[in-house]
Amino acid sequence: DGADDDNDNDDDNMPDEVLVELPPGPMMVMLEGMPPVVTKMARESPLRDFGVVEGMAVDTLELPNGEVHYELATPDCKVKLAEHADSDGRVVRFINLDVLPLTKAPMTVREVTTAPMMEAFEEVDETEEEVRENLVGMGFDMEAIDEAIEYYKNVGEPLDADTCMTRIITQ
């Protein structure tokens with residue numbers, strides 16, 4: 001069994017899974033692929049303290065607002081982590097792909113806890129175009145508008161100019 005002792009990140013030491021509540025700040029790792037796999041870790045990466053090793057994959061990512069993301073690709077994962085880099089409450093599940101399967105996104109569009117009351121209003125969605133026109137008319141930045149629209153589509157909230165505007169202002 002001593003054949004690969006010269007390999008310093010010995011795969012035998014890879015845990016099956018590690019749940020990490022990230023401290024604020026960068027993870028200091030390189031991620032590549034789909035799912036995002038840790039390809040390099042800085043010596044001072046906070047992930048080392050949790051037992052994450054190179055070769056583990058990001059399985060799920062929970063953001064401080066309670067959103068959970070599944071089946072992430074690296075660019076998306078990096079953006080989500082960066083958007084919340086200065087806050088507590090980012091929880092990342094790293095897994096050993098040789099041992100565990102990736103968690104599939106649940107079939108429900110979103111958890112019931114987000115906004116059960118909104119269900120009734122789903123039909124009155126303004127169209128994306130209407131929302132965009134309204135917000136552009138109010139002088140908001142196109143990029144911010146798109147981000148807000150994208151965000152509400154992702155969490156499955158009804159789209160309307162007011163909620164988008166609130167998000168742009170509070171971002």
Side-chain angles (χ1 to χ4, degrees), residues 14-97 100 102-106 108-119 128 131-132 135 138-171:
M14 188 185 290
D16 293 353
E17 66 169 318
V18 180
L19 208 57
V20 176
E21 183 155 349
L22 287 174
M27 291 201 299
M28 295 190 245
V29 296
M30 282 177 65
L31 297 171
E32 281 176 29
M34 160 97 199
V37 171
V38 177
T39 53
K40 280 204 170 64
M41 292 174 79
R43 292 211 177 285
E44 58 279 18
S45 167
L47 294 182
R48 289 186 187 277
D49 301 339
F50 294 93
V52 177
V53 296
E54 289 171 12
M56 294 191 82
V58 173
D59 177 33
T60 59
L61 165 60
E62 183 177 347
L63 296 177
N65 60 8
E67 277 176 48
V68 182
H69 297 276
Y70 304 85
E71 304 175 278
L72 287 154
T74 292
D76 198 24
C77 183
K78 286 179 176 168
V79 167
K80 301 249 185 305
L81 286 165
E83 278 176 356
H84 298 274
D86 42 12
S87 46
D88 280 313
R90 297 177 299 165
V91 179
V92 185
R93 179 175 185 248
F94 290 91
I95 59 169
N96 176 345
L97 287 171
L100 295 173
L102 284 170
T103 305
K104 289 265 171 264
T108 54
V109 179
R110 66 199 134 103
E111 300 304 347
V112 187
T113 50
T114 357
M117 289 314 298
M118 297 310 276
E119 303 291 359
E128 248 178 87
V131 171
R132 204 170 265 130
L135 293 168
M138 295 179 213
F140 285 104
D141 175 59
M142 207 55 196
E143 218 170 286
I145 295 169
D146 286 341
E147 191 279 329
I149 289 174
E150 207 41 56
Y151 171 80
Y152 283 106
K153 286 201 325 217
N154 284 339
V155 292
E157 297 286 6
L159 209 53
D160 68 63
D162 284 350
T163 47
C164 284
M165 185 172 85
T166 310
R167 175 163 172 86
I168 293 170
I169 294 169
T170 55
Q171 263 304 67

Pair up each side-chain donor or acceptor in residues 75-89 with any protein partner under 3.5 Å, not counting sequence neighbours, and list the distances.
| from | atom 1 | to | atom 2 | distance (Å) |
| --- | --- | --- | --- | --- |
| D76 | OD1 | K80 | NZ | 3.0 |
| S87 | OG | H84 | O | 2.9 |

Ignoring hydrogens and angles, write down the donor-acceptor pairs under 3.5 Å from the side chains of residues 142-149, residues two or more places apart or on other chains.
| from | atom 1 | to | atom 2 | distance (Å) |
| --- | --- | --- | --- | --- |
| D146 | OD1 | R132 | NE | 2.9 |
| D146 | OD1 | R132 | NH2 | 2.9 |
| E147 | OE1 | R167 | NE | 3.3 |
| E147 | OE2 | R167 | NH2 | 2.8 |

Do any side-chain atoms of residues 15-41 form donor-acceptor pairs under 3.5 angstrom with protein atoms, and if so which ones, sequence neighbours left out?
| from | atom 1 | to | atom 2 | distance (Å) |
| --- | --- | --- | --- | --- |
| E17 | OE1 | R93 | NE | 2.7 |
| E17 | OE1 | R93 | NH2 | 3.1 |
| T39 | OG1 | M30 | O | 3.2 |

Chi angles and distances behind the side chain to side chain contact (heavy atoms under 4.5 Å, CB included) call for F94, D59: CA-CA 6 Å; F94 290 91; D59 177 33; over 6 Å; no
Which is it for H69 and L63 under the side chain to side chain contact (heavy atoms under 4.5 Å, CB included) test, yes or no, and what are the steps along the way? CA-CA 8 Å; H69 297 276; L63 296 177; 3.5 Å; yes
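Applying the salt bridge (charged side-chain N to carboxylate O under 4.0 Å, His left out) criterion to E67, with sequence neighbours excluded, gives no partner residue.
Rounding to the nearest 0.5 angstrom, the gap separating the CG atom in L47 from the CD atom in E54 is 11.0 Å.
A 4.5 Å side-chain heavy-atom check between L97 and L102 finds at least one atom pair inside the cut-off. The shortest side-chain heavy-atom distance between Y70 and L61 does not fall under the 4.5 Å cut-off.
Heavy-atom minimum distance, E71 versus T103: CG-O, 3.8 Å.
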